[in-house]
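Note that ligands are numbered from 1 as they come in the structure, with each ligand's atoms numbered from 1 the same way. For this chain, numbers begin at 1 and follow the sequence in order. Source: prediction; values computed, not measured.
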Amino acid sequence: MKYEEIGNYIGGKYMPSETSRYLDVHSPIDGTLLSRAPISSVKDLDKAVAAAKKAFETWSKVPIKERVQVFYRYKTLLEKHMDELTQLVHEENGKTFDEAKAEIEKSIELTEFACSLPQLIGGEILEVSKGVECRTDYYPVGVVASIVPFNFPSMVPNWTIPNAIALGNTMILKPSEVVPLSSIRIAQLLKEAGLPDGVLNIVHGDKDIVEAICDHPGIEAISFVGSTKVAKIVYARGSSNFKRVLALGGAKNHLMVLPDAHASMTASNVTASMSGCAGQRCMAASAMVAVGKVDHIIEQICIEAKKVIPGVNLGAVISKTAKDRIEKYITEAESQGAKILVDGRNTVVKGKENGYYVGPTVIDFVTPEMSVAREEIFGPVISIIRAKDIDEAIAIENANPYGNAAAVFTQSGGAARYIIERASAGMIGVNIGVPVPREPFSFGGWNDSKFGTGDITGKSSIAFWTKLKKTTTKWNAEAKTNWMS
Ligand code: NAD
């Protein structure tokens with residue numbers, strides 16, 4: 001085993017789990033055994049909630065300007081340990097070193113935003129009647145939970161940890177059981193940055209722990225990021241227990257390419273969007289709607305796709321199951337009459353024969369009923385659907401149940417505006433294939449890509465992680481008794 005066995009992190013200490021179930025963690029790059037992590041029991045969760053509850057008593061009362069000092073120091077530590085953290089993400093997730101580095105850089109940006117929270121959460125105050133004032137103050141919610149997926153082992157935990165904790169909450173993090181290593185380093189660095197014990201706790205596990213989080217009476221709010229199937233379960237179960245829940249789900253992002261689009265810029269953006277992180281991004285291009293005559297752009301996309309080399313500038317997919325699923329989608333599309341222009345099936349990387357690789361795949365003449373047009377594939381595959389005009393393209397985009405992102409490629413401002421207004425997605429790109437809003441803008445989709453109100457990052461997350469207190473005060477005798485009348 002390359003790294004030590006992982007334990008839960010509760011009250012600032014590594015705790016052996018109450019479980020006898022463990023999961024081996026293999027690197028998708030080449031199958032190396034990296035570590036093993038507990039599939040924890042409900043007793044582990046009880047201990048974590050107790051630690052978080054105790055820490056909340058003091059942490060929630062620390063002024064926010066002092067709380068964010070921890071995150072200033074944490075940011076410096078992320079910078080100092082950049083290479084080591086990058087290597088860990090690369091190894092446990094399988095994405096390329098450069099992609100893993102971009103993830104740590106994004107974690108730094110998220111932390112910078114948390115450091116700016118004191119500037120953003122000043123309440124309001126107004127004299128509402130003679131001698132009477134109303135004011136608002138933000139209070140933390142309490143013990144909160146963050147359940148995260150495999151595809152961003154550092155960035156997605158950092159979507160929630162800095163903001164939730166800087167705003168005075170204490171947290172239970174439930175990492176993905178297939179990438180549990182980066183979260184442990186996050187906890188270690190936060191401790192080094194001065195975060196008091198018990199403010200962040202980590203419980204490793206699977207479905208059972210997620211369900212226990214949804215049911216636990218000591219947890220006030222849950223944020224979830226993962227597939228739509230599980231997002232719906234968490235949203236329904238957590239809400240039925242009267243918790244605040246924000247659950248981000250899967251995606252099927254459509255890029256609409258118009259004939260006047262800049263050909264080389266469009267081709268490189270489409271290719272980068274569908275193949276970056278091996279297509280395992282909720283913001284990845286999955287379907288391209290080719291509007292009218294765009295064959296010259298499709299030809300260039302194929303040229304660009306062939307420059308994406310598995311094991312060099314294309315990482316591994318997470319597991320054999322994922323590789324098999326992606327390849328099955330391609331084969332199904334082929335048998336239904338679609339044309340495979342670039343085929344990534346049966347990819348083996350020399351020297352990494354135990355890794356899980358799928359090459360970039362371009363499928364043309366996909367029709368809206370095919371499974372590659374309808375379902376999230378989560379691999380480096382782009383399905384090209386032909387449309388005769390912009391309205392047909394919009395109808396195709398609108399018909400998909402997801403709504404994370406959509407993009408348009410054109411040189412026409414008018415056409416772009418027309419699509420921006422009609423696309424049914426929360427994040428829109430214009431000549432941008434991965435339209436992730438940067439801080440302080442917030443991240444979140446629509447439709448089956450998100451359940452709950454508000455977004456998970458940026459200014460919008462403040463409302464999720466806080467409760468607003470409204471105080472009305474009268475100091476002067478001159479104020480009327482029935483001042484509202
Ligand atoms: P997943 O839904 O399988 O797992 C997410 C979390 O839920 C993990 O911590 C896992 O342990 C837990 N889980 C899995 N099955 C469960 C079940 N039946 N009941 C309760 N908990 C369960 O997702 P994943 O495979 O880790 O990640 C990929 C998915 O996440 C994709 O669908 C992707 O689009 C989505 N994603 C969405 C966003 C977004 O912002 N919308 C961001 C990243 C990833």
Contacts table for ligand 1: protein N or O within a distance under 3.5 Å of ligand N or O, distances only.
from: ligand 1; atom 1: 2 (O); to: S227; atom 2: N; distance (Å): 2.9
from: ligand 1; atom 1: 2 (O); to: S227; atom 2: OG; distance (Å): 2.6
from: ligand 1; atom 1: 9 (O); to: V148; atom 2: O; distance (Å): 2.8
from: ligand 1; atom 1: 9 (O); to: K174; atom 2: NZ; distance (Å): 2.9
from: ligand 1; atom 1: 11 (O); to: K174; atom 2: NZ; distance (Å): 2.7
from: ligand 1; atom 1: 11 (O); to: E177; atom 2: OE1; distance (Å): 2.6
from: ligand 1; atom 1: 26 (O); to: F150; atom 2: N; distance (Å): 3.1
from: ligand 1; atom 1: 30 (O); to: G226; atom 2: O; distance (Å): 3.3
from: ligand 1; atom 1: 32 (O); to: E376; atom 2: OE1; distance (Å): 2.7
from: ligand 1; atom 1: 32 (O); to: E376; atom 2: OE2; distance (Å): 3.4
from: ligand 1; atom 1: 34 (O); to: E376; atom 2: OE2; distance (Å): 2.6
from: ligand 1; atom 1: 41 (N); to: G249; atom 2: O; distance (Å): 2.7

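Side-chain contact check for E376 and Y402: no donor-acceptor pair (N or O, by modelled atom type) lies under 3.5 Å. In the model, N253 has no side-chain atom that pairs as donor or acceptor with a side-chain atom of N404 under 3.5 Å. Q188 and E192 share no donor-acceptor pair across their side chains, judged by distance under 3.5 Å alone. Checking T32 against E91 by side-chain atom types alone, no donor-acceptor pair falls below 3.5 Å.
Proximity of a side-chain donor or acceptor of T19 to a complementary backbone N or O of I39 within less than 3.5 Å is detected.
Geometric assessment of K95 against the ring of F152 yields a positive cation-pi assignment under the 6.0 Å and 45° thresholds.
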